[in-house]
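Structure, as structure tokens:
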Protein chains: 2
Amino acid sequence: MPRAGLSPDAVVDVALDLVDEGGAGALTLAAVAGRAGVATPSLYKHVRNLTELRALVSIRIMDEISDRAGEAVLGRSGDDALRALMKAYRSYVVDHPGRYSAMMQEADPGVVESGRRRIEAGQRLVDIMLAALRAYGLEGGEAIHAARSLRSAAHGFAVLEAAGGFGLPEKLDESYELLIHMVISGLRTPR
Amino acid sequence: MPRAGLSPDAVVDVALDLVDEGGAGALTLAAVAGRAGVATPSLYKHVRNLTELRALVSIRIMDEISDRAGEAVLGRSGDDALRALMKAYRSYVVDHPGRYSAMMQEADPGVVESGRRRIEAGQRLVDIMLAALRAYGLEGGEAIHAARSLRSAAHGFAVLEAAGGFGLPEKLDESYELLIHMVISGLRTPR
DNA sequence: GCTGAAAAGCTAATGGAGTTAGCCGACCTC
DNA sequence: GAGGTCGGCTAACTCCATTAGCTTTTCAGC
């Protein structure tokens with residue numbers, strides 16, 4: 001009986017495939033094991049339990065989003081950077097709606113633990129947002145408020161789109177353009 | 001053996017209590033039955049299955065949010081109405097974070113059905129938003145884009161807050177004020 | 001190359017959740 | 001008061017996560 005050659009990363013790879021195909025609900029240990037060609041209990045050699053696997057999946061997804069966002073922002077600043085960041089964010093959801101919904105469900109309050117690595121992954125995205133906001137010259141706390149608002153806008157649209165919460169799929173680009181415009185003009189307009 | 005006097009509505013009442021106390025993950029048929037003083041299979045006399053119960057819970061929650069939003073908008077218009085609407089929306093999440101997260105998880109793509117009633121509940125909130133936007137004199141499609149953006153902003157902030165996605169709980173009010181400002185100034189500023 | 005320990009797999013077994021089938025008593029209507 | 005419907009129950013099944021304990025592969029070091 002040759003070994004399957006699994007690893008924590010390989011298990012997450014399989015989990016991502018499942019989530020791509022069937023949404024967050026399709027992620028079960030039994031399904032992962034089946035696809036990996038292994039008996040279910042074998043997964044416990046690589047992952048502590050289902051909760052940890054979900055956390056690892058979320059971390060991977062957040063990292064992927066941060067990668068896209070970071071790349072989009074490179075070489076840009078101001079409105080241009082912000083617009084590119086938000087578009088990159090949404091593009092991830094359009095490409096991988098199942099993954100985005102899987103990242104959601106994990107963020108259930110009550111599952112507060114999940115470790116440092118998870119917080120780091122979120123922080124990285126926040127840092128990218130703060131960098132994109134740098135050109136606006138926000139003072140201390142104002143930058144935090146701006147990053148939170150930016151995140152809320154991008155995330156809110158993403159959740160609704162990933163869940164099919166908008167009626168017609170058409171014209172979603174235009175709706176998103178307005179949302180981007182709101183963020184930018186809100187930063188440009190004094191309160 | 002006297003009857004428990006259950007009904008679909010009563011089952012949803014119990015489900016909401018569980019969700020208030022333990023988040024979305026606490027909603028199981030076994031828990032509902034236990035709290036209602038009934039054996040688990042008895043619930044199937046009132047509800048088709050767990051999926052339907054989740055849908056009913058989501059509908060109830062959306063209705064509650066719409067009630068608050070509708071009341072907040074009464075007698076107001078323009079920026080005043082928009083601000084009141086967004087604040088009312090967030091106040092629901094602050095009061096019932098568990099309920100809000102329960103509404104989320106149900107919106108998994110793949111569970112597309114859930115029936116007409118669910119769509120109606122969402123439409124009602126959209127109508128309230130459209131009414132609040134009336135004073136801005138938006139033409140046709142523009143109103144839809146505005147409502148979507150408004151919804152994305154409020155929903156995104158709500159999700160993050162309900163999931164504990166923001167670091168410090170302090171100053172969240174200020175962050176939300178900025179988000180409201182973005183929405184309003186985005187509507188006031190020509191593109 | 002041999003040996004032995006660690007890593008990675010397996011089977012068996014447990015417990016909890018959802019769901020179905022089929023039974024029976026309570027309640028209401030006539 | 002009789003009969004039917006409705007709401008509850010128990011028993012049984014499936015699927016899933018998880019644990020325990022065993023076996024086999026792999027590989028480092030002699």
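Quick note on labels: first sequence line is chain A, next is B, and so on, each numbered from 1.
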Q | Separation of atom CZ in A:R48 from atom P in D:dT19, rounded to whole Å | A | 10 Å
Q | Sequence-distant partners of B:H181, side-chain contact (heavy atoms from CB on, under 4.5 Å), two or more places apart | A | A:T189, A:R191, B:L178, B:S185
**Q.** Stretch residues 26-37 of chain B: residues that reach within less than 4.0 Å of DNA chain D through a heavy atom
**A.** none
Which pairs of donor and acceptor atoms, one on a side chain in residues 22-33 of chain A, lie under 3.5 Å apart (sequence neighbours left out)?
{"unit_1": "A:T28", "atom_1": "OG1", "unit_2": "A:A31", "atom_2": "N", "d": "3.0"}

Q. Can you name the nearest heavy-atom pair linking A:S91 to A:R68, along with the distance?
A. OG-NH1, 2.8 Å
Q | Counterpart residues, side-chain contact (heavy atoms from CB on, under 4.5 Å), relative to A:A131 (two or more places apart) | A | A:R134
Q: Whole angstrom is fine here: how far is it from CG in B:L43 over to P in C:dT20?
A: 13 Å
Q. Taking the side chain of B:L6 as its heavy atoms from C-beta onward, which of C:dT11, C:dG9, D:dG8 lies nearest to it?
A. D:dG8
Q) Do any pairs count as a side-chain hydrogen bond (donor to acceptor under 3.5 Å, both in side chains) and have a residue in residues 11-27 of chain A, sequence neighbours left out, and if so which ones? A) A:D13-A:R60, A:D20-A:R99, A:E21-A:R35
(Q) For A:S152, give me all partners under side-chain contact (heavy atoms from CB on, under 4.5 Å), at least two apart in sequence or on another chain. (A) B:F157, B:L160, B:F166, B:L179
Q) With a 4.0 Å cut-off, would you call A:K87 and A:D173 a salt bridge? A) no
Q.
How many whole angstroms separate atom OH of B:Y44 from atom C1' of C:dG22?
A. 16 Å
(Q) Taking only side-chain N and O atoms of B:H46, does any of them lie within less than 4.0 angstrom of OP1 or OP2 on D:dG8? (A) yes
Q. Which pairs with one or both residues in residues 121-132 of chain B pass side-chain hydrogen bond (donor to acceptor under 3.5 Å, both in side chains), sequence neighbours excluded?
A. B:D63-B:R124, B:D67-B:R124, B:Q123-B:D127
Q: Would you mind reading off the distance between A:L53 atom CG and D:dC16 atom C1', rounded to a whole angstrom?
A: 14 Å
Q: Using only side-chain N and O atoms of A:S42, determine if any of them is under 4.0 Å from OP1 or OP2 of C:dA8.
A: no
(Q) If I take atom NZ in residue A:K45 and atom C1' in nucleotide D:dC22, what distance separates them, rounded to the nearest angstrom? (A) 10 Å
Q | Nucleotide nearest B:V38 when distance is taken to its side chain, options D:dG8, D:dT10, C:dG18 | A | D:dG8
Q: Take the protein atom CG of A:L18 and the nucleotide atom P of D:dC16, then report the distance between them rounded to whole Å.
A: 12 Å
Q) Of the candidate nucleotides D:dT10, D:dA17, C:dT11, which contains the atom at the shortest distance from the side chain of B:A39? A) D:dT10
**Q.** End axis versus end axis in the helix from C:dG1-D:dC30 to C:dC30-D:dG1, the angle rounded to 10°, five pairs used at each terminus
**A.** 10°
Q.
What is the distance, to the nearest angstrom, from the CG atom on B:L50 to the P atom on D:dC16?
A. 15 Å
Q | For A:H96, ring-ring contact (aromatic ring centres under 6.0 Å, His included) partners two or more places apart | A | A:Y92
